[in-house]
Amino acid sequence: MARIRPRSSWRPAAILAAWVICAATVASQSAPAPVYPNAPAGFDTRRPGVQSGRVERVEFDSKVTGNKRPAMVYTPPGYSTARKYPVLYLLHGIGGNENHWTQFGKTDSILDNLIAENKAVPMIIVMPNGRASNEPSTMFAGGPRGGNAGAAPGAPPQAGQGQPPAAPPAGAPPQGGGQAGAAGTGGRGRLGGAGMGVEFTAYAAFEKELIGDLIPFIETRYSVQGDREHRALAGLSMGGGQSLNFGLANLNTFAWVGGFSSAPNTAQPAQLVADAAAARKQLKLLWVACGDKDSLFNISEGVHKYLDEQNVPHAWQIDLGGVHDFVVWKNNLYHFSTRLFR
């Protein structure tokens, strides 16, 4: 048996060394580490010789809004009705639209490159407008993005510019219908209060439109594998919250779910995963990600911690140095896509 010297005989140098080792161990355990490193340089620029997929605009009938609604659809290189494809539904953030994932997120270039390298399964990607409402948008009151000029497209208002309140329940009537900006701001660009109530309600209403209108339309128009194991849902910011809310509430519809920098519309973790056993059984992949410099980091971290407590397998991706922008969101799309449908 090893002999332990009395504490009084320990030398200061030995004590110091022990503290250093202990501190290093704690630091190594607590320091955040990404599941995946940054995507390789040029991943979002289509390389010469890489075959291009097709992006087209479509419109579908919405029973939620009572009119035609838009979506952009990416079909992979060599798309053919002779085979059936899995589908990723990819959602934008608040103030965004159906064009943002191709315009700023370079979705088609990223997937073209991945498919050419056999790093991603050929898939269809549907990028709808996730704001299901005929109410005027409150995002542009008094200036670009409601006074949040210079922010990444899809980013929520920053501190001091009207933080969003708790999301109203799905199906709640619009709050302050048609009002521009927050109450008390004179419509000069701060988004909060009644204005944010309109937005949260509009984005929450998209769940019914997605499942009842858009998915059936896509599966009628395109050659797809129409089952849950070949259907994924992911998004950024407000769209990340939508994806976690809708995907985890509809496990019979989606087996693959991803939230990138999810916004305050995200339900409380215990509500997201009300049945941990079902989530463990039915999910093929649950991806939770955020930049560690993002002011909304605590939302994704809270989801991750709850999933850990409930032993629900998931990928917890921390983008080191990442903020609330498309640098983070493109990186996550790159890595998330390589995991899908395998």
Side-chain angles (χ1 to χ4, degrees), residues 39-60 68-79 85-117 119-132 137 139-140 144-145 151-155 203 206 209-210 214-215 217-218 221-224 231-240 242-243 256 258-261 263 287 289 324-338 340-341:
F43 76 99
D44 55 348
T45 302
R46 189 180 295 104
R47 295 186 299 275
V50 168
Q51 188 177 359
S52 299
R54 180 184 178 187
V55 177
E56 66 174 339
R57 179 185 176 88
V58 298
E59 290 186 337
F60 63 96
K68 295 283 187 181
R69 297 270 289 143
M72 302 301 291
V73 179
Y74 166 86
T75 49
Y79 171 80
Y85 298 84
V87 184
L88 165 61
Y89 292 85
L90 190 59
L91 310 183
H92 60 79
I94 192 168
N97 57 44
E98 66 278 6
N99 297 306
H100 276 196
W101 265 112
T102 50
Q103 182 179 2
F104 301 104
K106 309 299 181 185
T107 299
D108 48 334
S109 296
I110 292 172
L111 266 293
D112 287 347
N113 290 337
L114 285 173
I115 292 169
E117 296 176 347
K119 291 182 178 179
V121 172
M123 68 185 79
I124 294 169
I125 301 181
V126 181
M127 296 157 280
N129 187 312
R131 187 183 187 279
S137 173
M139 282 302 298
F140 297 93
R145 296 186 193 91
Y203 281 84
F206 182 67
E209 184 175 273
L210 169 66
L214 179 57
I215 290 177
F217 169 82
I218 293 296
R221 184 182 177 102
Y222 296 92
S223 183
V224 309
R231 200 182 289 125
L233 178 65
L236 66 88
S237 194
M238 184 76 92
Q242 287 178 305
S243 297
W256 315 78
F260 311 156
S261 313
W287 183 281
H324 206 76
D325 65 11
F326 267 99
V327 174
V328 168
W329 303 329
K330 288 189 293 183
N331 186 60
N332 278 274
L333 175 62
Y334 175 92
H335 291 300
F336 183 69
S337 298
T338 66
L340 290 180
F341 312 123

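Just so you know, these numbers come straight off a predicted model, no measurement behind them. Sequential numbering from 1 along the given sequence is applied to the chain's residues.
- Side-chain atoms of R69 and F206, non-hydrogen and from C-beta on, do get closer than 4.5 Å to each other.
- When each of F326, Y74, Y89 is tested with W101 by the rule ring-ring contact (aromatic ring centres under 6.0 Å, His included), just one qualifies, namely F326.
- Between G95 and Y203, the closest heavy-atom pair is N-OH, 3.2 Å.
- Nearest heavy-atom pair, R231 versus F341, reported as atom, atom and distance to 0.1 Å: N-CE2, 3.7 Å.
- With sequence neighbours excluded, the residues forming a side chain to side chain contact (heavy atoms under 4.5 Å, CB included) with V58 are E56, A71, V73, F217, R221, Y222, listed by chain and number.
- The side chain to side chain contact (heavy atoms under 4.5 Å, CB included) test applied to Q51 returns P77, not counting sequence neighbours.
- Shown here are the side chain to side chain donor-acceptor pair (under 3.5 Å) partners of E117, two or more places apart in sequence or in another chain: R47, K119.
- The two atoms that bring S243 and L91 nearest to each other are OG-CD1, 3.7 Å, heavy atoms only.
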In a table with atom names and distances, give each donor-acceptor pair under 3.5 Å that connects a side chain of residues 120-128 to protein atoms at least two apart or in another chain.
none

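- Taking 4.0 Å as the cut-off between side-chain N and carboxylate O, E98 and R57 count as a salt-bridged pair.
- Applying side chain to side chain contact (heavy atoms under 4.5 Å, CB included) to L233 and the options L88, L210, V87 leaves one that passes, L210.
- Evaluated for a ring-ring contact (aromatic ring centres under 6.0 Å, His included) with W329, the options H324, H92, H100 yield exactly one hit, H324.
- Judged by distance alone, with hydrogens and angles left aside, the side-chain atoms of N129 form no donor-acceptor pair with the main-chain N or O of N97 at under 3.5 Å.
- Put simply, the side chain of S337 reaches to within 4.5 Å of the side chain of L111, judged on heavy atoms.
- The two atoms that bring N331 and A39 nearest to each other are OD1-N, 2.7 Å, heavy atoms only.
- One distance of note links CZ of F60 with CD of E209; it measures 4.0 Å at 0.5 Å rounding.
- From I94, atom CD1 reaches atom CG of L236 across 11.5 Å, with rounding to the nearest 0.5 Å.
- With sequence neighbours excluded, no residue satisfies side chain to side chain donor-acceptor pair (under 3.5 Å) with W256.
- Looking at heavy atoms from C-beta onward, N99 lies in side-chain contact with M72 at the 4.5 angstrom threshold.
- Taken from OG1 in T338 to CD1 in I115, the straight-line distance is 12.0 Å, to the nearest 0.5 Å.
- Judged by distance alone, with hydrogens and angles left aside, the side-chain atoms of Q242 form a donor-acceptor pair with the main-chain N or O of G130 at under 3.5 Å.
- Shown here are the side chain to side chain contact (heavy atoms under 4.5 Å, CB included) partners of S52, two or more places apart in sequence or in another chain: R46, D112.
- The side-chain heavy atoms of L114 and Y334, taken from C-beta on, include a pair separated by under 4.5 Å.
- In this structure, Y85 and P76 approach most closely via the heavy-atom pair CE2-CG, 3.7 Å.
- Across all non-hydrogen atoms, the minimal contact from S223 to Y79 is N-OH, 3.0 Å.
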